[in-house]
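Beneath this line is the structure, given in structure tokens, with notes to follow.
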Amino acid sequence: HVLGSVPTPEIIESYLKAYFGDDLPAEATSAIASGVDRTGVESISLRLLSRDSSNGSSLIPKERLDEAIQIRELLAQTSDEITNLLRGLNGEYIPPAPGGDLLRDGPGVLPTGRNIHALDPYRMPSLAAYTRGKAIAQQILSQHVKECGSYPETVAVMLWGLDAIKTKGESLGILLEMVGAEPVKEGTGRIVRYELRSLSEIGHPRIDVLANLSGIFRDSFGNILELLDDLFQRAADIEEPADQNFIRKHALELRSQGVDNASARLFSNPAGDFGSLVNDRIVDANWESAEELAQTWRDRNAFSYGRQDNGKARPEVLTQLLQTTGRIVQEIDSVEYGLTDIQEYYANTGGLKQAAEIQQRLDDGKNTPVHSSFVESFSKDIASHNLEDLLRMEYRTKLLNPKWAKAMTNQGSGGAFEISQRMTALIGWGGTVRFKDAWVYDQASDTYALDPEMAKKLRDANPEAFRNIVGRMLEAHGR
């Protein structure tokens, strides 16, 4: 997406394919994206029906055709982004609209370029987000038992502000199912409590949760932090067997050591501060080992939040949670930006994974991997992907994809910067989770640094970005 630029028919077609899937035939999708009117699309539908009637095909529903044409027309209004940007800079009125993602929330989020609002935090998670989050958590736990033979005692759930806003709290739904709880609403529809369900009802032990909060989530959803803190306190106090309630098990162990607020589970950066600083060390090449990066993450995320705490350091509780973490769950909320595109993923999720693995190695001397589950919240699929497979897929489809490389270089200085950022992120994943697949580094070097034509384009467009690309490849070789 380019600010203010109307998408090409090819891009509109890709949106429609992603949105409708198999519900809209490819021929009809292509025609709509190319600007064919409703009458023309209906004639295509009739032709497809007569051609494929033996396969049980039927006319494309009128509602689907109307929706597809509406999406095309709304996407054509992307130029309003510049118009409304100028209006905003002039202090003029900009039409409001709900924020969200086309693939998840539908055409209501279009056209872009409006003054977006998010959601009511007192109604989070929504029913749809809770239902889907519950199904995701159940799938992840089943997968863990299949892979490891037992339930994880602790799961780290990343609670990030923007994905919570886009999904209306799907990551909260995941957390609640792990603990074995559900939202309780008052008469107005506002959520006033997360109620514990019985063990027989949830069908699995109460999983302890290390909730790692982004700064935006921490500062935007104070009411949710209070509800979650109350939930963990009640889960720690309820009389249940320790092997069926890992929250209680761990809280009792901490209390026996004299640790205060043993049910603290909401951890983030210091109050008023943002970020793990792992990415700063990666950008500056100011690190020698993965252990240093893990310690940086720990030092920046040892601060507890809730009814009693507002950024109080509780390293003893964090240490115990890291010792028992068997899996990390992260939602990917954008079809455009993934793990390899922005630094927050390796700086936070990667840093947490390394911190947990190092803590467990110190504890028992074993190199036990902490598993990871990444879920695409913008798709209908609730299946999770492990970190290494997802990194490989993203590098194949983006950084090492000739079409992507050509599109980026055609954007000039900005495109060169984007390539440079992803080279830095590659070093970040290498440092935090020891991602060392040689073919990724080799092909990245061949594509962007060693190819004379590409190197000249990047150097001319953005000398600093090209210098960083070459520097990161040299750094990777040295490390």
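Below, each value reflects all heavy atoms present in this structure, side chains not excepted, and no hydrogens, waters or symmetry copies.
The shortest side-chain heavy-atom distance between L277 and R281 does not fall under the 4.5 Å cut-off. Contact of the W160 side chain with the T349 side chain is registered, since non-hydrogen atoms from C-beta on lie closer than 4.5 Å. In this structure the side chain of F267 reaches within 4.5 angstrom of the side chain of S304, judged on heavy atoms. When side chains are defined from C-beta on, L141 counts as touching I207, because their heavy atoms get closer than 4.5 Å. Residues L228 and L159 form a side-chain contact, since some pair of their non-hydrogen atoms from C-beta on lies under 4.5 Å apart. Residues L75 and I71 meet the side-chain proximity criterion, which asks for heavy atoms closer than 4.5 Å. Between F435 and Y395 the shortest side-chain heavy-atom distance falls below 4.5 Å. Side-chain contact between K185 and R190: absent, with no pair of heavy atoms (C-beta onward) separated by less than 4.5 Å.
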Taking it one step at a time, do F466 and Y448 satisfy side-chain contact (heavy atoms from CB on, under 4.5 Å)? CA-CA 8 Å; F466 181 69; Y448 299 104; over 6 Å; no
Before you tell me yes or no, could you show the steps for Q143 and E147 under side chain to side chain donor-acceptor pair (under 3.5 Å), namely the whole-Å CA-CA distance, both residues' side-chain angles and the distance that decides it to 0.1 Å? CA-CA 6 Å; Q143 177 188 357; E147 292 176 358; 3.0 Å; yes
Would N468 and E464 satisfy side chain to side chain donor-acceptor pair (under 3.5 Å), going step by step from the backbone distance to the final call? CA-CA 6 Å; N468 184 65; E464 278 300 305; over 6 Å; no
Evaluate the criterion side chain to side chain donor-acceptor pair (under 3.5 Å) for residue pair H144 and Q139; output intermediate values, then yes/no. CA-CA 9 Å; H144 191 92; Q139 181 269 329; over 6 Å; no
Working for side-chain contact (heavy atoms from CB on, under 4.5 Å), residues T340 and L399: CA-CA 9 Å; T340 61; L399 189 66; over 6 Å; no
Audit row: L175, M178, side-chain contact (heavy atoms from CB on, under 4.5 Å) steps and yes/no: CA-CA 5 Å; L175 183 153; M178 294 288 179; 5.6 Å; no
Chi angles and distances behind the side-chain contact (heavy atoms from CB on, under 4.5 Å) call for N301, L352: CA-CA 9 Å; N301 284 276; L352 191 162; over 6 Å; no
Please evaluate residues S372 and R327 with respect to the criterion side chain to side chain donor-acceptor pair (under 3.5 Å), reporting the C-alpha separation (whole Å), side-chain torsions for both, the decisive distance (0.1 Å), and the verdict. CA-CA 5 Å; S372 53; R327 186 170 292 269; over 6 Å; no
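The CZ atom of R218 sits 11.0 Å away from the CG atom of N212 when rounded to the nearest 0.5 Å. The NZ atom of K398 sits 6.5 Å away from the CZ atom of R422 when rounded to the nearest 0.5 Å. In this structure, F374 CZ and L390 CG are separated by 7.0 Å, a value rounded to the nearest 0.5 Å. Distance CG/L387 to NE2/H371: 12.5 Å, rounded to 0.5 Å. To the nearest 0.5 Å, the span separating CG on L162 from CD on E344 amounts to 9.5 Å. For the atom pair R392 CZ and D437 CG, the distance stands at 4.5 Å (nearest 0.5 Å).
The environment of E453 atom CD is sparse: at most 12 non-hydrogen atoms of other residues, nucleotides or ligands sit within 6.0 angstrom. More than 12 heavy atoms of other residues, nucleotides or ligands sit less than 6.0 Å from atom CG of D284. In this structure, H477 places its NE2 atom where only 12 or fewer heavy-atom neighbours from other residues, nucleotides or ligands lie under 6.0 Å away. The number of heavy atoms from other shown groups lying within 6.0 Å of OH (Y122) does not exceed 12. Counted within 6.0 Å of CZ on R467, heavy atoms from surrounding residues, nucleotides or ligands total 12 or fewer; the atom is thus considered open. Heavy atoms of other residues, nucleotides or ligands lying less than 6.0 angstrom from NZ of K17 number 12 at most. Within a 6.0 Å radius of CZ in F274, more than 12 heavy atoms belonging to other residues, nucleotides or ligands are found.
Residues W297 and Y346 keep their aromatic ring centres 6.0 Å or farther apart.
The closest donor-acceptor contact from the side chain of N279 to the backbone of A347 lies at 3.5 Å or more, if one exists at all. Between the side chain of S276 and the main chain of V278, a donor-acceptor pair closer than 3.5 Å is present. Here the side chain of Y441 pairs no donor or acceptor atom with the backbone of I427 at under 3.5 angstrom. Although no hydrogens or angles enter the test, the distance criterion places a donor-acceptor pair under 3.5 Å between the side chain of E394 and the main chain of L339. Here the side chain of R72 pairs a donor or acceptor atom with the backbone of I32 at under 3.5 angstrom. Looking only at distances, a side-chain donor or acceptor of S43 sits under 3.5 Å from a matching main-chain atom of G40. Between the side chain of D229 and the main chain of G306, no donor-acceptor pair closer than 3.5 Å is present. Counting only distance, with no hydrogens or angles, the side chain of T325 and the backbone of A156 share no donor-acceptor pair below 3.5 Å. Under the 3.5 Å distance criterion, the side-chain polar atoms of E357 are matched with a main-chain donor or acceptor of V370. In this structure, the side chain of D341 engages the main chain of G338 through a donor-acceptor pair within 3.5 Å.
Residue pairs meeting the salt bridge (Lys or Arg N to Asp or Glu O under 4.0 Å) criterion with at least one member in residues 84-93: none, sequence neighbours excluded.
Listed by chain and residue number, D389 satisfy the side-chain hydrogen bond (donor to acceptor under 3.5 Å, both in side chains) test with N386 (two or more places apart in sequence, or in another chain). Residues satisfying the salt bridge (Lys or Arg N to Asp or Glu O under 4.0 Å) criterion with E475, sequence neighbours excluded, are R472, R479.
What you find for G412 and A461 is that their closest heavy atoms are C-CB, 3.7 Å. Closest of all the heavy-atom pairs between F221 and A164 is CE1-CB, 4.4 Å. Of all non-hydrogen atoms in A416 and A465, the two that sit nearest each other are O-CB, 3.5 Å. When all heavy atoms of V375 and S384 are compared, the pair lying nearest together is CG2-CB, 3.9 Å. Nearest heavy-atom pair, M454 versus A405, reported as atom, atom and distance to 0.1 Å: CE-CB, 4.1 Å. Nearest approach of W404 to T397, heavy atoms of both residues: CB-O, 4.3 Å.
Across E177, E376, E331, E170, a single residue satisfies salt bridge (charged side-chain N to carboxylate O under 4.0 Å, His left out) together with R132, and that is E170.
For the pair D80 and R114, the salt-bridge criterion is not met [side-chain N within less than 4.0 Å of a carboxylate O].
For the residue pair E81 and T112, a side-chain donor N or O sits within less than 3.5 Å of a side-chain acceptor on the partner.
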